[in-house]
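Read the structure below first, then the notes.
These values consider heavy atoms only, across backbone and side chains, with no hydrogens, waters or symmetry-generated copies.
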Amino acid sequence: MRLHLLRWFLDPVTSLAAFRQSIESHGKTSFDVAWRRARVERFPDEALYRQHGHAPESRPAERDGTIRRSDKWPN
């Protein structure tokens, strides 16, 4: 089952609010972003989970320091 269908099934009120926000933004906000925003508006205690899908995860090699990034090169 696709994620957006699962969201509609499990929480239709949040999904409807997200759909409205997405439509009102004229394509500037995706349904996924609008759903997270609507969810946090309805359930503020879930604010910690909002950033889960928005922050790009670093690659394991970057965390370990085995990849030399250009901003860390000596001058």
When rounded to the nearest 0.5 Å, the distance separating CZ of Phe31 from CH2 of Trp8 is 5.5 Å
Legend entry - CA sep, side-chain torsions, deciding dist, call: Glu41, Gln21, side chain to side chain contact (heavy atoms under 4.5 Å, CB included): CA-CA 12 Å; Glu41 288 172 1; Gln21 286 181 12; 3.4 Å; yes
Note to self: Check whether Ser15 reaches the backbone of Arg7 with its side chain - one donor and one acceptor, N or O, closer than 3.5 Å.
What the structure shows: yes
Heavy-atom nearest pair, Val40 first then Glu46, reads CG2-O, 4.1 Å
*So, do Thr29 and Glu24 sit near enough that their side-chain heavy atoms are less than 4.5 Å apart?*
no
In short, Ser22 meets Ala34 closest at the heavy-atom pair N-CB, 4.1 Å
Heavy-atom nearest pair, Ala38 first then Ala17, reads CB-CB, 4.0 Å
Closest non-hydrogen atoms of Thr14 and Phe43, given as atom of the first, atom of the second and distance, are OG1-CE1, 4.4 Å
query: Does Leu6 share a hydrophobic cluster with Phe19, counting links as ILVMFWY side-chain heavy atoms below 4.5 Å and allowing steps through other members?
result: no
Flag if over 12 foreign heavy atoms under 6.0 Å of CZ, Arg20:
no
